[in-house]
Amino acid sequence: MAAPASTAPLVTRRAQRRLGILLALPVTVMIVVFFLIPLANALVYSVVDFDGVSPNPTFVGAANFVEMFTDPAVWHALGNNVIWIVIGTAVPMVVGLLIALLLWGVRRGSMFYRLCFFLPFVLPAVAVGIVWGWIYDPVQGLLNKSLGALGLDSLQRGWLGDPTWALYAVLVTAIWGATGFAVVIFISALRNVDVELVDASLIDGANAAARLWYIILPQIMPVFLMVLTLTLVGGFSVFDIIFVMTGGGPADATEVIGTYAYSTAFELSRIGYGTTLALLITVLSVPVAVALNRLQRRLSLQGTGA
Amino acid sequence: VRMRRSAAVGAATAFSLILTGCFGGTAGSQDSAPPQQSSGPVELRYLIGQPEEAADLAVIKADIKNFESQNEGITIKLDVMPNENLRTVLQTQLRSGKGPDVFGYDTGPGFAGALAKAGLLHDLTGAYQKYNWPIYDFAKQRVTFDGKLVGIPNAMETVGLFYNKDLFAKHGLAEPQNLGELMAGAAKLRDAGVIPIAVNDKEGWQGGHLLSMALSSEIGGAGMDKLLAGETPWDDPSVVKALQVWADMAEQKLLPPSPTAINYDTGNALFYSGKAAINPTGAWLALDIERNAKFEVGYIPFPSSTGTGIWSGGLGSGIFVSASTTKIDAAEKFLNYGTTQEHGKWAVEKLRVIPAYPVDTTGIKGSALFNQILADTAKIAEGTGDFGYNIDVLTNDTFNNAMWKGMQGILSDQATPEEVAKQLQKNFKKPTG
């Protein structure tokens, strides 16, 4: 069916069109400047062999992409990304939700608790990385000292220098920072949960798990998906905390695509290949973000959720 | 059709703008007009990496004031940047044509060599003749690329073992005369609850020094020359043997627990606090040791399996002039100021930096440790006796990356010496020219 023709006078329609363009202009400019031009830049870099200084880099076609798919270091880094995404997403989501549920009914001091849990999230990753680096220090670190004081000397190790444990040690730090974000958002979402439904389920004899699964979670699902999206995408593009704490070492043990792209581009002066690796992060994370965003929107349109 | 054509023209324009944005509009000295000679009052922007201690920065600022007072009309705007950011930021700035006029940077082919190759450094060959800068010939070779002298090396360095003489005496140990004695002494220290050798390799670059000292001592200067010239492969048994030394030390717990978790500052702190007996690092730490160590310190080359070993020596950083600067006269005067006898003595006395030109050090007050370092470095400068090299200033980025990661792999038990040696050979590129 054809759309009904506007009954507004021509002058008004023109004014509306101008206003529309005017309103859309700032966002359009921002998208062009901060997204499209850098993306085009990245695409150009990815097809040349650029060392960062040469004014006339050689065009290499798809060679950087071919190298990326055959580079064992990429697959190793991707494996670490997968570990990071799975653990670094699941733990903050689960722990964050549990803490939020515990704080849901708290009336006195709720602001204090929220502040405590949210504080790690607003601290700069560099500061967090440095402080946790001290905690993990093999000789003077608080963790090893505490283990020693408890008689658990056998558990002492150089956490960030041990290839078996280094990635998980950094993950713990990241989870410590990310959980607070989930807690605060979930607490806000829980405030919109229909308490009468929860009370009714209690009368019907639903246990805590059933209440969470059938009553609470469906109501906060869009918010849950939003937090999931942000945490998940953060897992693909993780860089700062690993760079500060281990630099991807020892000997690549904690290398992820972000740190590998950085070291390739800026330490080995292979800007072209480094950019190709950075594009891989985009290619992997954007579809996931879009899919989760669509699911979230669909649930919102269905009227489900907070 | 007209719309399509204009769209195509627009797309082509956008593409060319993106290309210009990507690779920069400045091609360096190769394509640009000759730099103008400065006249009248000028301000030079001087970029350096962050010194180890704040006190050193104050000394450098005082030196700049001194230069300004001697050269009316020239002022220096000092920019200081964390060393880890220097490389990325400097390259970007130089390419954009907005870089510093004068800057401190590493001298190796992977550093200044890459900038020179891209035409981003001013050719100082004429200035060398004009001012007759007395830089050692071997040092000049390290800043010569494609026949052009592009910088002034400003620091000579050795790497070896600093050791706590008091701790050695307390545990009845003498200065080791060979590798066996070093290992035996270290084992004795370990059994007494002292960390024998404060190896730290969290950052990775320290691994290059560890290999440099063990390898130089084991195969001598001539052997190092053959390796660096590509005449001996890097997976040669001699390289494997040098790598094996550190693998053995890690296995026998002669190093701190998990050295790849310990950064450079922490490693030094272990030494200063007396928790570790030996610190394997470079002579640049002499001033910090004088300031922080409350005990007597000795400095020896890494021992070989048959003797006391040789020093691994080389150049540290240098001073360079941007190809795009328009203040050549002033920049060269500033460089000239840094190569005078007075400045050389000042560098030795105040910063414990040994210039790459002969300096009369008579009357300079220094600790016994520093006097020894001065004497040893002078031998290298004169070419007296055998000396090895600090590898990473003579090799390219790819090789250094393989060496640093390889050493981390050995120290964290992820790689064998044979595997690392193979990687070194794979990533080695024969020097050209």
Take atom [atom1] of [X] as the centre, draw a 6.0 Å sphere, and report whether it contains more than 12 heavy atoms from other residues, nucleotides or ligands.
X         : atom1 : value
Asp235(B) : CG    : yes
Trp75(A)  : CH2   : no
Asn292(B) : CG    : yes
Tyr168(A) : OH    : no
Trp165(A) : CH2   : no
Glu251(B) : CD    : no

If you look at every heavy atom in [X] and [Y], which pair is closest and at what distance?
X         : Y         : answer
Gln408(B) : Ala251(A) : OE1-N, 2.7 Å
Asp137(A) : Thr266(B) : OD2-CG2, 3.6 Å
Gly161(A) : Ala261(B) : N-CB, 3.3 Å
Lys202(B) : Leu160(A) : NZ-CD1, 3.9 Å

ask   = If you tally heavy-atom pairs under 4.5 Å against chain A, which of Gly204(B), Ala114(B), Ser412(B) wins?
value =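 The answer is Ser412(B).
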query = Is it the side chain or the backbone of Gln140(A) that comes within 4.5 Å of chain B heavy atoms, both, or neither?
reply =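 Side chain only.
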ask   = Considering only heavy atoms, which portion of Asp51(A) lies under 4.5 Å from any heavy atom of chain B: side chain, backbone, both, or neither?
value =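 When you check distances to chain B, only backbone atoms of Asp51(A) fall under 4.5 Å.
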request  = For residues Glu267(A) and Asp397(B), determine if any side-chain heavy atom of one lies less than 4.5 Å from a side-chain heavy atom of the other.
outcome  =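 Side chain of Glu267(A) against side chain of Asp397(B), heavy atoms only: no contact under 4.5 Å found.
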message = Which atoms of Leu270(B) are under 4.5 Å from chain A, going by heavy atoms: the side chain, the backbone, both sets, or neither?
response =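 Contact with chain A involves the side chain of Leu270(B) alone.
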ask   = Any donor and acceptor pair, going by atom type alone, linking the side chain of Gln414(B) with main-chain N or O of Pro250(A) inside 3.5 Å?
value =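 Yes, because the side chain of Gln414(B) sits within donor-acceptor range (under 3.5 Å) of the backbone of Pro250(A).
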